[in-house]
Every structure is written in structure tokens, then in C-alpha cells.
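The shown structure was predicted, so the numbers you read here are calculated from the model rather than taken from an experiment. Both ligands and their constituent atoms are indexed starting at 1 by order of listing.
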Amino acid sequence: MINVIGLGYIGLPTALMMASHGVEVIGTDSNKELVATLNVGHATFKEGGLDELFQDALKAGIKFTTEYQVTDTYIVSVPTPYDKFSKKVDACYVVAAVIDVLKVAPKGATLVVESTVSPGTIEKSVRPVLVEENREDINLVHAPERIIPGNMVYELLHNNRTIGVDDKAIGAKVKDLYASFCQGEIVVTDIKTAEMTKVVENTFRAVNIAFANELAKICRHDNMDVYEIIKICNMHPRVNILQPGPGVGGHCISVDPWFLVGDYPSLAKVIDESMKTNDGMPDFVLNRIYEIMKEKGMTDITRVGLYGLTYKENVDDMRASPTLQLLESQERHLATGLKVYDPFITKDVVANQYHDLDTFLSAVDFVVIMVKHNEIKENIDKLAGKIVLDCYNICKQEGTYRI
Ligand code: SAJ
């Protein structure tokens with residue numbers, strides 16, 4: 001039996017996937033409300049294919065509880081934030097989960113950490129817990145997740161995986177467990193390498209996005225079309241530039257690269273600048289709004305609306321979203337009044353929030369496309385007659401402003 005600890009964006013789909021592939025799974029989370037929701041058969045977030053997977057897992061007998069289980073294998077998938085000041089990974093949730101596991105884990109159990117951590121974290125923060133508790137019989141493993149929100153179910157089945165271990169025999173055992181559902185290649189390596197690969201993958205994407213954002217700024221300054229330029233450059237066989245945008249959100253690309261800056265401040269210069277570039281994009285958009293309002297002679301900020309609150313398209317996750325960053329920046333400048341709408345966010349989370357596209361559009365003259373949800377792409381004609389600042393180049397209407 002597998003005890004999956006932490007039933008969030010990664011733990012839940014992983015637990016469901018294993019259960020629906022014949023593995024006996026019990027999911028544990030300290031959040032009673034979340035466990036109660038799961039126990040009445042509801043997923044706690046929206047994701048393509050997740051509800052169907054949930055039903056399969058329920059039929060296969062998956063259970064959810066707040067209690068840690070006595071078993072031979074644990075998978076820990078709790079969040080790993082970073083300390084805003086030092087930029088270092090904050091492994092407190094991982095350590096807390098490990099301490100709780102050790103209270104019940106039998107001798108020789110395997111403890112897989114899936115949460116993203118910086119290289120050396122398992123050695124520096126987790127292994128000392130085992131030593132302190134006199135539990136060096138426990139087999140530590142790091143198997144970082146790689147799935148992308150928006151395509152999680154497919155990627156869980158098809159992505160290649162990395163498993164970091166001390167001992168190859170444990171590696172083979174854990175590889176077999178993941179191979180119960182994973183059709184990709186599963187590479188077994190040492191723990192520090194596995195830790196580093198995960199952070200490097202997300203850093204690669206962050207640096208590439210920062211490059212695209214920097215190009216957008218250069219092109220804005222000298223009146224060039226960044227989208228046309230990136231499109232042509234990407235036709236070169238060895239060039240693959242990502243797209244500029246209003247900023248980088250989520251819990252991965254906007255967080256993990258900071259771990260390297262925190263741990264290697266005098267070495268991680270390109271990464272540091274890239275993260276600052278991405279973090280500066282919501283302010284860049286705010287400034288564009290100001291410039292455009294000035295050009296149009298517009299003075300009433302309450303006639304400006306931000307389309308989208310989530311960190312990217314077609315998901316309901318708002319963590320660190322560029323829109324939230326922009327609103328915070330606006331507040332810091334002691335200004336408020338921007339209207340906001342997102343079809344995926346049904347609860348009221350910010351001021352001046354709308355819950356219907358048409359009502360939102362009738363309340364504003366100037367729309368800023370902060371997220372390229374399918375809804376706005378399918379209703380792009382409804383922007384006719386509005387001032388539009390399009391952060392993704394999806395609106396072909398004459399006179400559309402871009403970042
Ligand atoms: N973004 C851009 N321009 C682009 C692509 C993305 O501005 O060209 C922005 C998005 O709008 C979003 C942010 O970047 O705000 C991050 O979105 P994303 O779709 O790039 O990635 P995440 O954070 O949803 O998921 C990433 C993935 N990592 C990589 O692709 C290397 C995923 O595979 C990881 O599992 C996940 O991080 C994680 O959990 O670490």
C-alpha cells in the first residue's frame with residue numbers, strides 16, 4: 001500500500017493515477033475540509049480528465065484521511081515555498097511531513113519526496129531528521145514531479161521521470177512503482193542530481209521566458225514587432241524562443257529558479273536577472289496601461305478592465321498570477337479601481353470583480369488581456385470598439401496595443 005502525503009495539485013493526481021492502475025493507495029492531508037471534499041467524491045480543483053480519473057480511483061478503492069498510515073512506501077508531495085528574503089527553499093512542510101511519517105513508518109520503509117527542492121536539501125534538511133530520530137533504516141528517495149497544469153493527466157502517463165536514490169535496489173523498486181502507470185522512460189540517478197534536474201528544467205523555461213520578455217521591451221522601445229521577430233527566429237533549426245507575456249505566475253517557474261539564486265548568489269547571475277525581468281513584467285503592463293490611457297485622453301481608471309486572474313490559460317489556479325501581482329503593485333501606488341473578470345474564478349477574490357463576460361465588457365472601455373483563456377479567443381469579436389492591450393497577440397482588431 002502507498003500512503004500519499006499532501007493531496008494538492010501534484011499529490012492528488014498522482015494518488016488517483018496510481019490507484020486507477022491497480023496500486024492500493026491511501027491519501028493523507030492535514031486539511032480536514034479538503035479530505036472531507038475528496039471523501040464525498042469531488043476533486044478540489046479543475047483539470048482536464050481529473051474527474052474521470054477520480055471516478056476510476058474511487059472504484060479501485062482509494063481512500064482519503066488526515067491520518068498517516070503504517071505501510072512500506074510513502075510519497076510526500078507537499079508545497080515547498082521559498083523564503084522571500086534569502087530566496088532559499090523553505091523545506092519546512094517537507095520536514096514536518098517526514099517527522100509525522102517517522103512516527104508510524106515501519107523499519108526499512110521507503111520515503112519518496114516528490115516536492116521540488118534545491119540541490120542538497122534532502123541531505124541538509126531531511127536526512128538529519130532521520131539521524132536525530134535514529135531512523136536511518138528509512139530509504140530516502142527523491143522523485144520530482146514534472147507534470148504541467150492544464151495537461152496533467154496526459155503528462156503523468158507519458159512524461160519521462162527521474163528517480164534519485166542512495167541505493168540502486170531501492171531505485172529499481174520505486175521505478176517499478178511509477179512504471180505501474182508511467183509510460184515514459186524512468187531514469188534512476190543519485191538524489192542530488194535528481195534535485196538539481198528538476199530545478200534546472202524550470203530555470204531553463206524561466207530564463208527563456210525572460211529572454212522573450214526582454215525582447216518585447218527592446219522591440220517596444222524601438223517600435224519593432226516582437227511576435228513577428230520571434231516567429232521568424234524560431235524557423236531557424238536551433239532557435240526556440242518562448243513567448244513574452246504579462247509576467248510569470250504559478251508555483252514552479254516563478255519560484256524554483258530563486259532556489260539557485262538563494263544557494264549560489266555569486267554564481268547564478270543570469271538566473272537572478274531573468275527572475276527580476278519576469279517579476280518586473282506586471283509593472284511593465286501597468287505602465288503600458290498608463291501610457292495608453294494618456295494617449296487616448298482617458299482619465300477614469302474604473303473604465304479599464306483586466307481580463308483573467310489565473311496564472312495561465314484554461315486553469316483555475318491563481319497562485320502568484322501576473323494579474324494579482326499587477327493589482328498589488330497598483331495598490332502599492334495607492335491607486336485602485338481596475339475592474340477584473342475571469343471565467344474560472346467564481347468566488348469573489350478581488351475588488352471590482354465580475355462574473356460574466358458581457359457584463360464585464362459593458363462596464364469598461366479599455367480591456368487588458370492578461371490571460372489567453374479559450375473563452376476570450378472564442379469571443380474576441382466582442383472587443384470591437386474597445387481599446388485593447390493584448391499581452392499575447394491574440395486580438396487582430398485594428399489599433400490593438402501590445403506589450
Ligand atoms: N509563460 C510565458 N511565456 C511562455 C510560456 C509560459 O510567459 O512562453 C508563463 C505562463 O503564462 C505562466 C508561467 O509562465 O504564468 C508558467 O507557466 P508554464 O505553463 O510555463 O509552466 P507551469 O508553471 O504551469 O509548469 C511548469 C512546467 N515546467 C516546465 O515546463 C519546465 C511543468 O512541467 C512542471 O511540472 C511545473 O512547472 C512544476 O510543477 O514544476
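- Annotation: the span from Cys395 atom SG to Lys372 atom NZ amounts to 14.5 Å, rounded to 0.5 Å.
- Counting only distance, with no hydrogens or angles, the side chain of Thr203 and the backbone of Val199 share a donor-acceptor pair below 3.5 Å.
- Residues lining ligand 1 at a heavy-atom distance below 4.0 Å are given as Glu145, Arg146, Ile147, Ile148, Pro149, Lys198, Glu201, Asn202, Arg205, Ile209, Leu242, Gln243, Gly247, Val248, Gly249, Cys252, Ile253, Asp256, Tyr311, Lys312, ordered by chain and residue number.
- In this structure, the side chains of Phe181 and Leu156 come closer than 4.5 Å at one or more pairs of heavy atoms.
- In summary, Asp365 and Lys386 do not engage in a salt bridge, as defined by a charged side-chain N under 4.0 Å from a carboxylate O.
- Here ring pair (Phe, Tyr, Trp, His ring centres under 6.0 Å) pairs that include residues 46-81, with residues two or more places apart or in two chains, are Phe54-Phe64.
- Geometric assessment of Lys84 against the ring of Tyr82 yields a positive cation-pi assignment under the 6.0 Å and 45° thresholds.
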